[in-house]
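Contents: one structure, followed by commentary.
In what follows, chains carry the letters A, B, and so on, assigned in the order in which the sequence lines appear, proteins first and then strands, with residues in each chain numbered from 1. Bear in mind that the values here come from a model prediction, so they are computed numbers and not experimental data. Only heavy atoms go into these numbers, but all of them, side chains included; no hydrogens, no water, no symmetry mates.
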Amino acid sequence: MIHSLFLINCSGDIFLEKHWKSVVSQSVCDYFFEAQEKAADVENVPPVISTPHHYLISIYRDKLFFVSVIQTEVPPLFVIEFLHRVADTFQDYFGECSEAAIKDNVVIVYELLEEMLDNGFPLATESNILKELIKPPTILRSVVNSITGSSNVGDTLPTGQLSNIPWRRAGVKYTNNEAYFDVVEEIDAIIDKSGSTVFAEIQGVIDACIKLSGMPDLSLSFMNPRLLDDVSFHPCIRFKRWESERVLSFIPPDGNFRLISYRVSSQNLVAIPVYVKHNISFKENSSCGRFDITIGPKQNMGKTIEGITVTVHMPKVVLNMNLTPTQGNYTFDPVTKVLTWDVGKITPQKLPSLKGLVNLQSGAPKPEENPSLNIQFKIQQLAISGLKVNRLDMYGEKYKPFKGVKYVTKAGKFQVRT
Amino acid sequence: MSSNSFAYNEQSGGGEATELGQEATSTISPSGAFGLFSSDLKKNEDLKQMLESNKDSAKLDAMKRIVGMIAKGKNASELFPAVVKNVASKNIEIKKLVYVYLVRYAEEQQDLALLSISTFQRALKDPNQLIRASALRVLSSIRVPIIVPIMMLAIKEASADLSPYVRKNAAHAIQKLYSLDPEQKEMLIEVIEKLLKDKSTLVAGSVVMAFEEVCPDRIDLIHKNYRKLCNLLVDVEEWGQVVIIHMLTRYARTQFVSPWKEDDGLEDNEKNFYESDDEQKEKTDKRKKTYAMDPDHRLLIRNTKPLLQSRNAAVVMAVAQLYWHIAPKSETGIISKSVVRLLRSNREVQYIVLQNIATMSIQRKGMFEPYLKSFYVRSTDPTMIKTLKCYNFLTYVKSQDKQFAAATIQTIGRCATNISEVTDTCLNGLVCLLSNRDEIVVAESVVVIKKLLQMQPAQHGEIIKHMAKLLDSITVPVARASILWLIGENCERVPKIAPDVLRKMAKSFTSEDDLVKLQILNLGAKLYLTNSKQTKLLTQYILNLGKYDQNYDIRDRTRFIRQLIVPNEKSGALSKYAKKIFLAQKPAPLLESPFKDRDHFQLGTLSHTLNAKATGYLELSNWPEVAPDPSVRNVEVIELAKEWTPAGKAKKENSAKKFYSESEEEEDSSDSSSDSESGSGSESGEQGESGEEGDSSEDSSEDSSSGQESESGKFPSKNILWYIPQEKEKKTKQDRNPLTKDVSLLDLDDFNPVSTPVALPTPALSPSLIADLEGLNLSTSSSVISVSTPVFVPMKTHVLLHRMSGKGLAANYYFPRQPCIFGDKMVSVQITLNNTTDQKIENIHIGEKKLPIGMQMHVFNPIDSLEPEGSITVSMGIDFCDSTQTASFQLCTKDDCFNVNIQPPVGELLLPVAMSEKDFKKEQGKLTGMNETSAVIIAAPQNFTPSTILQKVVNVANVGAVPSGQDNIQRFAAKTVHSGSLMLVTVELKEGSTAQLIINTEKTVIGSVLLRELKPVLSQG
């Protein structure tokens, strides 16, 4: 399947290569560079490129290209998913997936890649298993290693891969047994000029952090499971239980993992917690325009909205902006034409606003459309869909774990057209 | 510090210095300073020293740096010898890194790589399954053709390993070996077949992958595993799921009839969405052929459904394409929700998914309607994604991204043509766009409007006028050409404007783009024909211009038009029709999506994405007209019973299970076959699946079918439960029918009294078959092999020294097959010396011996003289150390020395052993796995009589026959002369003129050589 992998940085250097079958020359990447040149923007490089003898499937993550070489038919999503899994693993191991991190840990990277693929077919991709095989680097360990000469490779061999529960290893032990769940919901919305919602949906995930000894068997139930009709599960979840009882029943992996992700798409269930009053105009035949936006709370269920940021991609003809915020700071980057306004919290008594003038290139025709506003915000202790965890039960182990659920709502791709 | 040590080095030099150097490097850069690699040789020298040090930390350090070099793509191959030495290191990390290195460079340094093989062979027998697995992994990754036989052995061994993890690695190794040496295909298919029966979820994905790679056309191997795969699917790891689903899609397309009703074929859409199921049923009932879905087909569709909720986009897409290709059209609706969910994922996933959605929505239009909003474009999406989104849907014309806007406009055009009600709206929108300031947008609009107007030109005179005005401002050639064409085509409707336009164009003709020039010529010609009064001169002028144009296309066109429209004598006939030619009604163009033609590729594949056939793309076959026999999939009898039994009858099911296993056991106890078979029987009883791990598929199917027979005989009331099995039984019998005719030896022990065909409720056997069977029974029971009689083997003599090269002295040797009198580790050899000269040959003796290490030779006593024409036979003993290495020595006479050598056939390195069948089995049980080699032999049935087999085997090898209780199995035992290791040969006759040859021995090399020699002998006539 996957023949070789090349990691390429933004400036086009191939800084790592790994082959799982016979060696493929680096020159194959020239086709990729060609496509990259054509695409102008890194985001527009086609993920699948066909060359005379190979196919290149690439992903772009954290300013790095992961380019894989394929020789025969394979579902492209398969490769793409896998490459993302590789990037996730690096992220998990090194805290970031950057060129520097990979170069510093080149041996671990190599060991990881060796374990993740065998002959181009995925072998071990579960982070629990990988961490048993190859210990992630920590500062302490690297110091200890350099003194004692011991290594990152686990001494004990993993057991999980050999059982029916490949995602969990045996013999997990904690002094404090705890299970925490984060319900994180993101609102994706498009609000049109007049303020009505064109499109809105909630993308939710439940991330779990589980540190429980032994082989706990958990079941998580919801107050209103009907909300979840479009869900994707971590492999540990038993489909049948969910189908019949709407209960999430699973033996969890050890540590952090994403339990489920879901989508609430029916629009009337999606509350829009903020509104924006805007007045952006450019005058014909004049080199200035007006810019005025005000943000206010709406349907916020009594919680404070915080961490508000507004980002606007201004038209190219905008030279500079001269604005006054009533609250927070703003920056305008004249090169990328991005206006960022860091608002902070909304206090209903005094709504934050940003007003001022826009300087345009003189002589250039006025922009024909107004830019749209991308808004970020955060609401603690609230799942905007109304999803609520009912209870968590544990079977199979005797101890009493600490349990906790946290709810957060965030803006996802939240866009207001002006 | 380093300079100090350097100075010291110079003074003293030698070994001490190098050691110091190592110390220095290992203490200075303990964590291996990556990035400091210089390519100069000195550095590598340094690494070599570190590798040779006896400190693990130094070695580890060196290995880390070497891996760093590999990662950068730098050549580190010259360190190979130094690295390979460390392959047996105790330190796991060093070992791992050495593995990494080996796999990368073994291909380049094959000879040296061989040094490491023995380490892996040892590791293959390690008690720890992970070590076994990783040894197999590395061994199979070393792409050195010489070790193919070793890999083959290791794979076979591993495929029978107790640990599913090792078996999974064996499945991976299959592909590696196949790509290294495709000639091993047949053997590998056997292993695949074996592994396909594996019930572990761990193995399933990998073995299906191997199947797809090695023998995707052997769909017959899937039949018996189909249901198991369907049922296991949910628990298989995600990557395996993708592969299995793709494979099952292909399988389903060949094995089931189409669930799509023909008349609503591809255009089926809303109908199915709004019609209730009942209605549909009624509808189908009315049809001549009522369609009932094969339960297995249903099973697949049902079992894949939960996977739509996988977190892995590839799995979701795989299920989506499965539904798309094999599910009834009314059920495909459920995939759209999950597929749309994938759009939230990263850009690459979006790209692929949208492409697939494009194909789907073109064919079944209603499918994604409810999710229309998800396709709304965000200004932050990359252009690539935007373009894709808009191919199907929206109208984001005002976007800042003009390329994107242009694509949008094209889409609008397509919307307009497809949905006639909105054409006007679209047209209006487009006309508005004509006033847009951006050229690309306008140009694109013009092109689209042109296409639209071509469809309904009647009412749109106004638009044409507007466009004519635009001609002054637009510079994009395509748009100008389009406008000109439009005007030319509709010149009768705009009689005033058209000549004016032509006038303007004539002025600017020379500066126009080629495309526009052609259209000017066309316009001129058209106007000339319709309105020659006003435009005659203009047209002439333009034609003259065109005549001298640089572009030959334009010159050609000019000439053509002139001949056609300007009347002269020659072209009289044609010019009459000129008007018809130019002003013919043009058919409206079809605006088609670029995704239209992708539908012939399987969704979700690379080929689909590229819209070109990728290497290794497997065509999805069309539905068969008639379904192939569904009973081929019936193995898992209990599974079936579960499916057909209503929920309330669980108890009955249990009892059935028990009966089944009982009869199985009964079967086995009555059957005096080997241990392995009875093992499989009991296991199948527990698992509720018939002997899947039996020695071969034929065996197990036979077992299970006879099990069913007895079952149905004893419990006719359970007939409902066994509905399918009976059908299957018929099938197996019919299958067997032809076989019985030409195979004289058939294991009929299975047909015990309980299971006689008479007990069947319906006679499934034809009378002739019964007669056949009876006849067989007699013949087999009468044939008895007398094993104890020693078989005479014709003496095979080999030439040791030809008389021509021996100056008249000739020497031949043969192996008398007797224990050697000179030593019990020696093989006795008899040499016959002939004097062909006319003189006495004196003092014949053995001179210098060049024997491989360990080999010994007991020479014969010197012969004083040999008379002319005389001959003498002498005995020698040679200890070949159980190898087929050559013993070279010199045969000397008084005057000359001749170099001669003896290479023993492998069969002569053995001594027969007398052994009982029980002992044989016991010993065989100890020598399984790695120590077992086997091959399938195909030969005419007459070659498979016990006596011929005995004769043939004994001819090749010095083995002793073991009395056998079964007619179809013959056993031979021997021990190697040197080490006394047992060598057990089994020939087991199978149906269809095949036999399996199994050799069990510790001496795997000799075993495999013997196998190779026996194989052709047994299969030849």
Could you tell me which portion of [X] (side chain, backbone, both or neither) has an atom closer than 4.5 angstrom to a non-hydrogen atom of chain B?
X	value
A:Arg258	neither
A:Ser25	neither
A:Tyr262	neither
A:Leu117	backbone
A:Phe121	both
A:Phe15	backbone
A:Phe82	both
A:Leu16	both
A:Trp20	backbone
A:Leu113	neither
A:Lys240	neither
A:Ser50	both
A:Gln203	side chain

Checklist line | salt bridge (charged side-chain N to carboxylate O under 4.0 Å, His left out) involving A:Glu243 - partner list, sequence neighbours excluded | finding: none
Run the salt-bridge test on [X] and [Y] with the 4.0 Å N-O cut-off and return the result as yes or no.
X	Y	value
B:Lys168	A:Asp118	no
A:Glu114	B:Arg104	no
A:Glu81	B:Arg311	no

Next item on the list: Determine whether more than 12 heavy atoms belonging to other residues, nucleotides or ligands lie under 6.0 Å from atom NZ of A:Lys21.
Entry: yes
Less than 4.5 Å to any heavy atom of chain A: does that hold for the side chain of [X], its backbone, both, or neither?
X	value
B:Leu97	side chain
B:Val316	neither
B:Val349	both

Item checked: Under 3.5 Å: donor-acceptor pair, side chain of B:Lys72, backbone of B:Val67 -> no
Notebook entry, point to check: Hey, is the main chain of B:Val166 close enough, under 3.5 Å, to the side chain of B:Ser163 for a donor-acceptor pair?
Noted result: yes
Item checked: Residue pair B:Glu212 / B:His246, side-chain donor-acceptor N/O under 3.5 Å -> no
Notebook entry, point to check: Mind checking what makes side-chain contact (heavy atoms from CB on, under 4.5 Å) contact with B:Gln175, not counting sequence neighbours?
Noted result: A:Asn119, B:His172, B:Met209, B:Ala210, B:Glu213
